[in-house]
Participant: 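First, the structure itself, so that you have it in front of you.
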Amino acid sequence: MKTALPPLSVLGAKGSEIYLEDGRTLIDGIASWWTACHGYGHPALISAVQKQAETLSHIMFAGLTHTPAETLAAKLCTMTGMARAFFVDSGSVAVEVALKMALQFWRNHGQPQRTKFVCFEHGYHGDTLGAMSVSDPEQNFHLAFKGMLAENHCVPLPRNTQQMQAFEAFIAHHQSSFAGLIIEPLVQGAGGMKFHTPDTLRSIADICKKYDILLIADEIATGFGRTGSMFACEQAGIAPDIMCVGKALTGGMMTLAATLASSRIFDGFWSDDASHALMHGPTYMANPLACAVANASIDLFATEPRLEQVQNIAAQMFEELAKCKDLQGVVDVRVMGAIGVVQLEKGRMNRHALRQQFVGKGLWIRPLEDVIYLTPAFTIAPNQLSSLCSGIYDELRQR
Ligand SMILES: *Cc1c(COP(=O)(O)O)cnc(C)c1O
């Protein structure tokens with residue numbers, strides 16, 4: 001795009017370093033949109049792809065199956081408490097499948113009038129049409145498509161008792177038309193890195209249960225340790241009906257996502273009536289290379305101290321970003337797990353200029369709207385993380 005900065009050409013990446021063609025090295029504060037949780041080029045992941053490529057790199061996933069997919073489905077269900085897994089190529093498609101699953105579940109149960117979804121302001125669930133229809137319609141990403149999407153109910157995320165009561169009244173009023181509610185548990189990511197508490201999440205889940213609205217947890221950004229627990233839902237002790245995972249599922253090596261379903265949802269499709277089957281089938285469904293690398297990535301959480309590293313990153317960012325609070329124009333500094341956020345006054349920042357300043361300092365930090373965020377690899381070294389934190393502080397102090 002004409003108004004964007006020209007892209008920097010990348011030769012390679014290792015750990016938390018990005019090597020540019022012009023010879024410069026950048027410390028990576030983003031981990032490629034929080035996918036590369038083990039850092040770039042982890043030998044276990046490289047070897048998983050190589051080994052799998054030698055035996056089976058792809059096979060259609062209809063009428064045929066394979067061990068990498070079955071192993072991954074079993075691992076994901078054990079880790080999340082969900083019952084079944086449906087594999088797709090990307091996060092947005094995992095959300096599309098979740099929405100279709102919810103709609104068809106009700107149709108199979110003789111309630112085809114349940115066609116609407118509840119979603120939240122500042123929510124982001126992807127860039128395809130269905131995913132856009134449950135994201136915040138005021139977001140820059142989707143403004144151009146306003147009026148062309150399925151109409152759902154986007155409401156403020158209730159954060160206190162009074163708001164929760166109003167939210168419950170709203171749900172009770174529309175109950176019979178709602179198929180489901182979709183939420184990014186604990187952290188709304190691309191929509192502004194906004195946090196809510198496990199109590200808030202639990203109250204929302206309880207209301208869904210009370211009014212029998214299917215709860216869809218979009219863990220695409222939060223899953224695999226990012227918020228401090230393996231999945232954000234764990235911190236609230238909730239069990240969603242449908243869960244989407246993606247992003248760090250393969251440790252940032254390949255594109256893969258999954259829509260996980262509870263046994264109640266699965267049973268809603270298990271029928272002698274062929275029209276009750278879930279109607280979705282991506283060409284590259286359950287690609288064996290991607291499944292094999294996802295299995296290896298999940299294993300690394302057991303063989304290397306990932307969640308401990310997340311705790312250490314949280315503590316270090318908490319300490320080192322805190323001093324940004326005193327700077328002019330900073331409205332909030334917050335940390336959850338390996339997510340660090342410095343929020344600025346609206347309209348105060350030219351994000352392109354800021355990004356260029358960071359690159360000049362050897363840092364890859366890419367601000368969103370009024371938010372500067374860090375979502376580093378869990379393997380980042382303390383001195384690399386310090387460079388990122390002090391780079392942000394120094395830059396904001398000079399402004
Ligand atoms: C990134 C993201 C998506 C979309 O995933 P893609 O792989 O980019 O399609 C959906 N939901 C959330 C919460 C995300 O962070």
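Whatever order the structure lists ligands and atoms in, that order sets their numbers, starting from 1.
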Participant: Between Lys116 and Glu151, does any side-chain N to carboxylate O distance fall below 4.0 Å?
Facilitator: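 Looking at Lys116 and Glu151, the cut-off is not met.
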Participant: Under a plain distance cut-off of 3.5 Å, with no hydrogens placed, do Thr200 and Ser203 share a side-chain donor-acceptor pair?
Facilitator: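 Looking only at side-chain atoms, Thr200 and Ser203 do not form any donor-acceptor pair under 3.5 Å.
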Participant: Pull out every atom of ligand 1 sitting under 4.0 Å from any heavy atom of His125, numbered as shown with elements.
Facilitator: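 Selected atoms, number and element: 10 (C), 11 (N).
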Participant: Please could you name the atoms of ligand 1 that Tyr124 approaches to less than 4.0 Å, counting only its heavy atoms?
Facilitator: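 Matching atoms, with element in brackets: 2 (C), 3 (C), 11 (N), 12 (C), 13 (C).
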Participant: With distance as the sole test, does Ser263 use its side chain to make a donor-acceptor pair with the main-chain N or O of Ala83 at under 3.5 Å?
Facilitator: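 No.
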Participant: Can you tell me the protein heavy atom closest to atom 8 (O) of ligand 1 and the distance?
Facilitator: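 Result: Ser92 OG, 4.4 Å.
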Participant: Under a 4.0 Å threshold between the charged nitrogen and the carboxylate oxygen, would Lys146 count as salt-bridged to Glu138?
Facilitator: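 Yes, this pair counts.
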Participant: What residue and heavy atom of the protein are closest to atom 12 (C) of ligand 1, and at what distance?
Facilitator: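 The answer is Asp218 OD2, 3.4 Å.
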Participant: Which of the numbered atoms in ligand 1 are under 4.0 angstrom from any heavy atom belonging to Glu184?
Facilitator: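 Selected atoms, number and element: 13 (C).
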Participant: Give the residue, atom name and distance (to 0.1 Å) of the protein heavy atom nearest atom 7 (O) of ligand 1.
Facilitator: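 Looking at atom 7 (O) of ligand 1, the protein heavy atom closest to it is Gly91 N, 2.8 Å.
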Participant: What do you reckon, is OH of Tyr284 surrounded by more than 12 foreign heavy atoms closer than 6.0 Å?
Facilitator: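 Not more than 12 within 6.0 Å, no.
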Participant: Has Arg306 got its NZ or CZ under 6.0 Å from the middle of the six-membered ring of Phe378, at an angle within 45 degrees of the ring axis?
Facilitator: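 No, a cation-pi geometry is absent between Arg306 and Phe378.
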Participant: Which of the atoms in ligand 1, numbered in the order shown and given with their element, are less than 4.0 Å from a heavy-atom of Gly126?
Facilitator: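 Listed by number with element: 4 (C), 10 (C).
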Participant: Report the nearest protein non-hydrogen atom to atom 1 (C) of ligand 1: residue, atom name, distance rounded to 0.1 Å.
Facilitator: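 Its nearest protein heavy-atom neighbour is Lys247 NZ, 1.4 Å.
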